[in-house]
Number of protein chains: 2
Amino acid sequence: MIMDGFTAIAEPTRRAILDCLRTGERDVTTLVTELRISQPLASKHLRVLREAGLVEASVRGKRRVYRLAKEPLPDVLAWIGPYARQWSIAFDRLEHVLESESS
Amino acid sequence: MIMDGFTAIAEPTRRAILDCLRTGERDVTTLVTELRISQPLASKHLRVLREAGLVEASVRGKRRVYRLAKEPLPDVLAWIGPYARQWSIAFDRLEHVLESESS
DNA sequence: TCATAATATGAACTATTGGTTATATGAATG
DNA sequence: CATTCATATAACCAATAGTTCATATTATGA
């Protein structure tokens with residue numbers, strides 16, 4: 001299986017899982033009820049996200065608690081940078097401003 | 001077919017096409033030779049990118065010249081923003097700096 | 001207008017993916 | 001221990017995606 005970040009976030013349900021986890025960690029059952037998906041489907045998507053390094057899990061009792069990885073999506077962010085005109089503009093402006101400040 | 005931005009950039013060859021077009025417009029034949037793919041495959045991927053709004057084409061003689069759309073990937077950029085920690089940090093800093101400057 | 005160059009499209013094939021149901025695993029609890 | 005709860009996995013199916021080869025389309029130039 002083993003998917004890259006791009007393929008991992010191409011699936012709407014997986015994006016929904018990530019968005020959900022962005023507000024805090026969740027166990028599988030919580031995700032299942034919040035996203036209204038079947039439990040096996042959740043487990044499958046979570047496995048993909050885990051293998052792609054986007055989420056991490058820890059075993060807490062019989063629950064498995066998932067959370068976002070600290071630096072998720074490095075490949076996607078690196079690739080998409082040049083296409084984020086607004087963002088690169090913000091970067092450039094920031095650099096300029098900080099430069100002229102320090103002088 | 002009609003794919004969204006996420007699915008469009010999930011395919012490595014399509015990302016390669018976009019990266020290629022980032023340095024300037026190209027006709028199909030040029031893309032074919034630069035990326036070493038078959039011509040029908042190029043046309044198919046270009047169609048996907050066109051329908052997803054990532055590239056535009058203009059007919060120039062018997063050539064079809066493709067270029068990046070002006071604001072490509074709005075959906076992806078919007079979704080990924082909150083995950084781009086470094087970038088949001090840059091944004092925040094920029095806001096602060098500009099604020100304290102104007103006062 | 002005929003031949004050719006550039007691109008798009010269609011048909012067919014294969015691989016992969018997202019989804020289901022059923023079952024296995026493994027911890028907690030009575 | 002036996003049961004139940006939480007999660008993962010297996011087997012399978014339908015839909016879709018990527019690829020190739022062959023053919024259609026369209027514009028150009030002789």
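Chain A is the first sequence line, chain B the second, and so forth, proteins listed ahead of strands; every chain is numbered from 1.
- Ranked by how close their nearest DNA chain C nucleotide is to the 5' end, A:Thr13 and A:Arg60 are led by A:Thr13.
- Of all nucleotides listed (C:dT7, D:dT20, C:dG19), C:dT7 comes nearest to the side chain of B:Arg64.
- Atoms CG (B:Leu41) and P (D:dC21) sit 11 Å apart, rounded to a whole Å.
- Nearest to the side-chain atoms of A:Ser43 among the listed nucleotides C:dT7, D:dT7, C:dT20 stands D:dT7.
- Phosphate proximity of D:dT20 to B:Ser38: present, with a side-chain N or O under 4.0 Å from OP1 or OP2.
- Note on A:Arg14: only backbone sugar-phosphate atoms sit closer than 4.0 angstrom, heavy atoms only; bases stay farther off.
- For B:His45, no side-chain nitrogen or oxygen approaches OP1 or OP2 of D:dA17 to under 4.0 Å.
- Judged by distance alone, the side chain of A:Arg14 and the main-chain N or O of A:Ala8 form a donor-acceptor pair under 3.5 Å.
- Atom CZ in B:Arg26 sits roughly 17 Å away from atom C1' in C:dA6 (whole-Å rounding).
- Under 3.5 Å, the side chain of B:Gln39 and the base of C:dA6 form no donor-acceptor pair of N or O atoms.
- Taking the side chain of B:Pro40 as heavy atoms from C-beta on, and the options D:dT19, D:dA22, C:dT7, the nearest nucleotide is D:dA22.
- Contact annotation: A:Tyr66 side-chain N/O to D:dA8 OP1/OP2 distance is under 4.0 Å.
- Comparing C:dG10, D:dG18, D:dA11 against the side chain of B:Lys44 picks out C:dG10 as the nearest.
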Please list, pair by pair, any protein nitrogen or oxygen found under 3.5 Å from a nitrogen or oxygen in nucleotides 2-5 of chain D.
from  : atom 1 : to      : atom 2 : distance (Å)
D:dC5 : O4'    : A:Lys62 : NZ     : 3.4

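- Atom CD1 in A:Ile9 sits roughly 15 Å away from atom P in C:dT17 (whole-Å rounding).
- Distance B:Leu46 CG to C:dA6 C1': 13 Å, rounded to the nearest Å.
- Summarising the geometry of B:Val28 relative to B:Ser43, their closest heavy-atom pair is CG1-OG, 4.3 Å, with the distance given to 0.1 Å.
- Residue-to-nucleotide proximity on DNA chain C shows that, of A:Ile37 and B:Arg47, the 5′-proximal contact is made by B:Arg47.
- For the pair B:Glu51 CD and C:dT9 C1', the interatomic distance rounds to 12 Å; values are reported in whole Å.
- The structure places CZ of B:Arg47 at 11.0 Å from CE of B:Met3, a figure rounded to the nearest 0.5 Å.
- To the nearest angstrom, C1' of C:dA27 lies 14 Å from CG of A:Asp27.
- Residue A:Leu49 contributes atom CG, which lies 12 Å from atom P of D:dA8 at whole-angstrom precision.
- In this structure, the side chain of A:Arg64 does not engage the main chain of A:Lys62 through any donor-acceptor pair within 3.5 Å.
- A cation-pi arrangement, defined by a distance under 6.0 Å to the six-membered ring centre and an angle within 45 degrees of its axis, is present between A:Arg22 and B:Tyr83.
- One atom, CE of B:Met3, and another, P of C:dT17, lie 13 Å apart when rounded to the nearest Å.
- No hydrogens or angles considered: a donor-acceptor pair under 3.5 Å links the side chains of A:Ser58 and A:Arg67.
- A side-chain donor-acceptor contact under 3.5 Å links B:Arg15 to the backbone of B:Ile9.
- Within the 3.5 Å criterion, the main-chain N or O of A:Gly5 finds a donor-acceptor partner in the side chain of A:Asp75.
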